[in-house]
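One structure is given here, and the rest of the page talks about it.
Chain letters run A, B, ... following the sequence lines, proteins first, then strands; residues in each count from 1. Just so you know, these numbers use all the heavy atoms, side chains as well, and skip hydrogens, waters and symmetry mates.
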There are 2 protein chains.
Amino acid sequence: MKILIVDDEVQLVKAVSAILKKNNYNTDCAYDGEDGLDKALSNIYDVIILDIMLPKRNGYEIIRELRDNRISTPVLMLSAKSQTYDKIYGLNLGADDYLAKPFESEELLARIKALLRRKNEFVGDTLSFGDLKLNRDNCSLLCNGQEIALGKKEFQIMEMLILNGGKALNKERLIEKIWGFDTDAEYNAIEVHVSFLRKKLNLLSSGVNIRSLRGIGYILEDGNAKGGKN
Amino acid sequence: MKILIVDDEVQLVKAVSAILKKNNYNTDCAYDGEDGLDKALSNIYDVIILDIMLPKRNGYEIIRELRDNRISTPVLMLSAKSQTYDKIYGLNLGADDYLAKPFESEELLARIKALLRRKNEFVGDTLSFGDLKLNRDNCSLLCNGQEIALGKKEFQIMEMLILNGGKALNKERLIEKIWGFDTDAEYNAIEVHVSFLRKKLNLLSSGVNIRSLRGIGYILEDGNAKGGKN
DNA sequence: AAAGTCCTATGAAAATTCTCATCGTGGACG
DNA sequence: CGTCCACGATGAGAATTTTCATAGGACTTT
């Protein structure tokens, strides 16, 4: 789960980034509108936190540009101004929520969760697939009344697999989103963590399994679902 | 040791970044001239790898701008063109070296080492302080004929301490350069790694020690040097 | 169909890093 | 000079991640 933070107040960006990381999100940062827009256009983020007042391009422009490019990443607008006018303007332009600075970390987290819930299948803090429930708060996996803790990497892989629903997930994308695009991690690292995950799925006697598609990647299957492909 | 890579060929940037990381450098990346310039102006890099042809601002402009701002980070210019004209033009503007694409990773590494050697006290692949020699190739520390392996974090901390020479190094800077500016690492992490380093310095019976300056940071001292402060 | 090659799986171990709890100490302040 | 407090040091342990070696399977080529 990757979040882009765009704001020119370096201290604020660092603080927000730290808070998000502590809550198991990955973050990228941008300090001006142009950089922010470039990054956002890569369309790898699940949420964008966007200041209104920015050097080079303001928040409104960025949203318009994104929507023009059919990128529908949810946007949480930030602003020092708490005027109603701004608020409505931002929402009309396609921001999905709004938060006035200064704010509490709890409120920020709550709103991000709300945005994720809207776009994905989050219920509460959990993401579900088949008989599995993935809990973001403690990075754990629930199944058949049992709970097992996941490592951060395991968690993130499972998260991406579930969010990908029926589609295959290739390793390059996994590496980019989880390890970061400029890592030197090898594919074997993914394979090892997938192996860990499978072991844990077994322990939980889950009906879900991770199928590998040779040369392509991984896909999540629900063994309990009826075979019909619909 | 942090290196900035500025090039619009994403694949190339990734490849270079991976090579450098494997060789114990940290990297940041930028894909256009403006972003590259912004990052370079932060003046936290030890080398900048810079393409000539770039969107928004070309390599020449970036070098000029950097030098105008009295930032003397060594620059390794890249270009698809291998014409002599470009070569000389780049060097005149303040590029410190030049490499034509495509290139071998060995050559890239060699040239980077050369640039570092020029600016710092590198001799071969080692950095020295007092009776210590720090070896980048295997992340190890040599002293009195003994050698001891360092963890990556330990290595980087020691490297920064040595490069800082007599000056104090504050923790915030260590965190920014080693963990990355958007980390959630706590100061205690540094303290723990410094503790590891001290233990290893002891094992080597080195005359060098890491002194802490309360509320400020760390500084390297050579216990064998005569007390004169010069 | 046999051989060869590439991709994937996985056990086992190692290495690294982080967390936590506790202890010590410098220095401010009364 | 004594007390208190924030900062730093460090041991111990845990957790996580990576590395390595090897084996199995799939796909291609001949």
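One can place CD1 of B:Ile157 at 14 Å from C1' of D:dA9, the figure rounded to the nearest angstrom. Rounded to an integer number of Å, the gap from B:Leu150 CG to C:dT17 C1' is 14 Å. Residue A:Lys200 contributes atom NZ, which lies 10 Å from atom C1' of D:dA15 at whole-angstrom precision. The separation between B:Phe155 atom CZ and C:dA15 atom P is 18 Å, rounded to whole Å. Straight-line distance from the CD atom of A:Glu186 to the C1' atom of D:dT17: 14 Å, rounded to whole Å. Protein atom CD of B:Glu172 is 14 Å distant from nucleotide atom P of D:dC7, rounded to whole Å.
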Distances under 3.5 Å only, N/O to N/O: pair up the protein atoms with those of nucleotides 7-12 of chain C.
unit_1	atom_1	unit_2	atom_2	d
C:dC7	O4'	A:Arg214	NH2	3.3
C:dT8	OP1	A:Gly215	N	2.8
C:dT8	OP2	A:Lys171	NZ	3.0
C:dT8	O5'	A:Lys171	NZ	3.4
C:dA9	OP1	A:Arg198	NH1	2.8
C:dA9	OP1	A:Arg198	NH2	3.0
C:dA9	OP1	A:Ser212	OG	2.5
C:dA9	OP2	A:Tyr218	OH	2.6
C:dT10	O4	A:Asn188	ND2	3.2
C:dG11	OP2	A:Lys199	NZ	2.7

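If you check the side chains of B:Ser206 and B:Asp131, you find a donor sitting under 3.5 Å from an acceptor. A:Asn138 and A:Glu147 are linked by a side-chain donor-acceptor pair at a separation below 3.5 angstrom, with hydrogens and angles left out of the test. Between the side chains of B:Asn24 and B:Glu159, no donor-acceptor pair is found at a separation under 3.5 Å.
Axis orientation changes by 30° from one end of the helix from C:dA1-D:dT30 to C:dG30-D:dC1 to the other, with each end axis drawn from 5 pairs and the value rounded to 10°.
Listed in residue order, the members of residues 17-29 of chain B having a heavy atom less than 4.0 Å from DNA chain D come to none.
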